[in-house]
Amino acid sequence: MAETKTQLMDETAMRRALSRIAHEILEKNKGVDNCTFIGIRTRGVYLARRVSDKIAAIEGVRVPVADIDITNWRDDVGAAARTAAGPPVDPALVVGRKIVLFDDVLHTGRTVRAAMDALIDGGRPQMIQLAVLIDRGHRELPIRPDYVGKNVPTSRLEFIDVSLVEVDGKDEVSLTSRRRDGGSG
């Protein structure tokens with residue numbers, strides 16, 4: 001199999017997309033009173049922080065940011081492998097609040113479903129909204145984002161790679177295509 005890699009977003013495009021998401025969150029929620037941003041580990045946390053920073057620059061109000069580890073709520077982890085744990089996020093940041101859940105790439109929807117299950121185990125939020133940098137399609141569950149940086153329809157042989165300076169040393173989104181070689185063999 002041969003691979004090709006195409007850059008979809010550079011640092012500037014990512015900054016613009018996150019700025020747009022920040023403005024859309026402000027508009028939809030009529031500000032950010034009673035909001036909490038929760039990032040799905042790992043890259044969703046940094047996206048949530050960046051959008052919180054943008055809103056602080058625009059509105060002068062800092063939205064609380066928390067991270068969530070969904071390991072115990074994934075549907076591909078057997079019950080025996082799950083560990084006993086308390087609430088995944090401080091209930092004071094969840095109960096009765098508007099939650100904006102952040103992830104880097106929305107694909108099947110299973111990661112987001114696990115994150116929502118984990119949040120609700122910690123208390124009942126007023127509402128949960130979803131913000132993603134990339135929506136690549138191929139949903140297996142009826143989950144739709146409220147805020148999207150970029151829609152990128154993909155085939156099942158394509159993969160989205162999100163690099164963030166906080167984790168990877170650069171800001172970039174790329175599409176890797178794996179194509180089958182047509183040779184005999």
Side-chain angles (χ1 to χ4, degrees), residues 8-9 14 17-18 20-22 24-25 28-29 32 34-52 63-164 166-167 173-176:
L8 300 175
M9 297 176 91
M14 285 177 69
L18 293 175
R20 184 172 26 79
I21 288 171
E24 290 174 358
I25 288 170
K28 183 172 184 169
N29 293 289
V32 287
N34 202 36
C35 285
T36 300
F37 291 174
I38 298 181
I40 299 173
R41 288 188 193 158
T42 294
R43 287 169 184 78
V45 177
Y46 297 107
L47 296 172
R49 288 179 186 161
R50 289 186 190 189
V51 173
S52 178
V63 178
V65 177
D67 64 291
I68 191 164
D69 178 358
I70 62 156
T71 304
N72 284 331
W73 288 268
R74 292 174 51 104
D75 62 9
D76 59 351
V77 175
R82 293 188 173 115
T83 60
V89 177
D90 178 359
L93 294 173
V94 175
V95 176
R97 297 182 63 86
K98 296 177 189 174
I99 304 298
V100 182
L101 188 62
F102 284 82
D103 202 6
D104 55 350
V105 178
L106 178 57
H107 184 215
T108 62
R110 292 184 179 280
T111 296
V112 172
R113 186 216 41 89
M116 289 190 301
D117 286 350
L119 281 172
I120 291 168
D121 278 359
R124 183 177 180 186
Q126 179 183 340
M127 72 170 52
I128 300 174
Q129 299 171 4
L130 177 61
V132 298
L133 183 60
I134 303 292
D135 182 352
R136 65 167 285 189
H138 303 288
R139 220 72 83 240
E140 294 174 3
L141 299 172
I143 292 175
R144 186 183 53 128
D146 298 279
Y147 313 102
V148 179
K150 186 175 184 82
N151 284 294
V152 181
T154 62
S155 80
R156 297 220 183 256
L157 295 175
E158 294 175 316
F159 299 89
I160 300 289
D161 299 307
V162 174
S163 298
L164 297 179
E166 297 92 339
V167 178
V173 177
S174 58
L175 175 75
T176 303

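Heavy-atom basis, side chains included; hydrogens, waters and symmetry copies ignored.
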Problem set entry | Nearest heavy-atom neighbours spanning N34 and G96 | ND2-O, 2.9 Å
Exercise. Which atom pair, heavy atoms only, marks the closest approach of A118 to I68?
Worked result: CB-CD1, 3.7 Å
Problem set entry | Shortest non-hydrogen separation from L119 to P88 and the atoms involved | N-CG, 4.4 Å
Seminar exercise, completed: When every non-hydrogen atom of G109 is compared with those of L141, the smallest separation belongs to O-CD1, 3.8 Å
Exercise. Where the side chain of R139 meets the backbone of I143, is there a donor-acceptor pair that is under 3.5 Å apart?
Worked result: yes
Problem set entry | Note, F102 side chain near V65 side chain (heavy atom, < 4.5 Å) | no
For this session: Run the salt-bridge test on R50 and E166 with the 4.0 Å N-O cut-off and return the result as yes or no.
Result: yes
Problem set entry | Distance (rounded to the nearest 0.5 Å) between H138 NE2 and T154 OG1 | 3.0 Å
For this session: Assess whether side-chain contact (heavy atoms from CB on, under 4.5 Å) is satisfied between F37 and I25, documenting all intermediate values.
Result: CA-CA 11 Å; F37 291 174; I25 288 170; 4.1 Å; yes
Exercise. Mind checking whether D104 and I40 have side chains closer than 4.5 Å, heavy atoms only?
Worked result: no
Problem set entry | Other residues, nucleotides, ligands: >12 heavy atoms within 6.0 Å of R20 CZ | yes
Problem set entry | Inter-residue atom distance T176.OG1 - L157.CG, 0.5 Å rounding | 12.0 Å
Exercise. Can you name the closest pair of heavy atoms from I21 and A131 and give their distance?
Worked result: CG2-CB, 4.3 Å
Exercise. Which heavy atom of A115 sits nearest a heavy atom of L101, and at what distance?
Worked result: CB-CD2, 3.7 Å
For this session: Compare all side-chain heavy atoms of D75 with those of R113 and state whether any distance is below 4.5 angstrom.
Result: yes
Exercise. Does the side chain of C35 reach to within under 4.5 Å of the side chain of K98, using non-hydrogen atoms?
Worked result: yes
Problem set entry | Approximate separation, where rounding is to 0.5 Å, of R124 CZ and I99 CD1 | 13.0 Å
Exercise. Would you find more than 12 non-hydrogen atoms of other residues, nucleotides or ligands less than 6.0 Å from R144 atom CZ?
Worked result: no
Seminar exercise, completed: When I120, T36, I38 are each screened for side chain to side chain contact (heavy atoms under 4.5 Å, CB included) with V94, the one that passes is I38
Exercise. Quick one: does R136's side chain have a donor or acceptor within less than 3.5 Å of a partner on S155's backbone?
Worked result: yes
For this session: With K150 as reference, evaluate I160, V132, I134 under the side chain to side chain contact (heavy atoms under 4.5 Å, CB included) test and give the passing residue.
Result: I134
Problem set entry | Any donor-acceptor pair under 3.5 Å from D146 side chain to L130 backbone | yes
Exercise. Are T71 and R41 side-chain neighbours, meaning at least one heavy-atom pair lies under 4.5 Å?
Worked result: no
Problem set entry | Pairwise side-chain contact, V152 with E158, heavy-atom cut-off 4.5 Å (strictly under) | no
Exercise. Once you round to the nearest 0.5 Å, how far does CD1 of I70 lie from CZ of R110?
Worked result: 12.0 Å
Exercise. Can you check whether Y147 reaches V51 side chain to side chain, under 4.5 Å on heavy atoms?
Worked result: no
For this session: Check whether any side-chain heavy atom of L164 sits under 4.5 Å from a side-chain heavy atom of L47, and report yes or no.
Result: yes
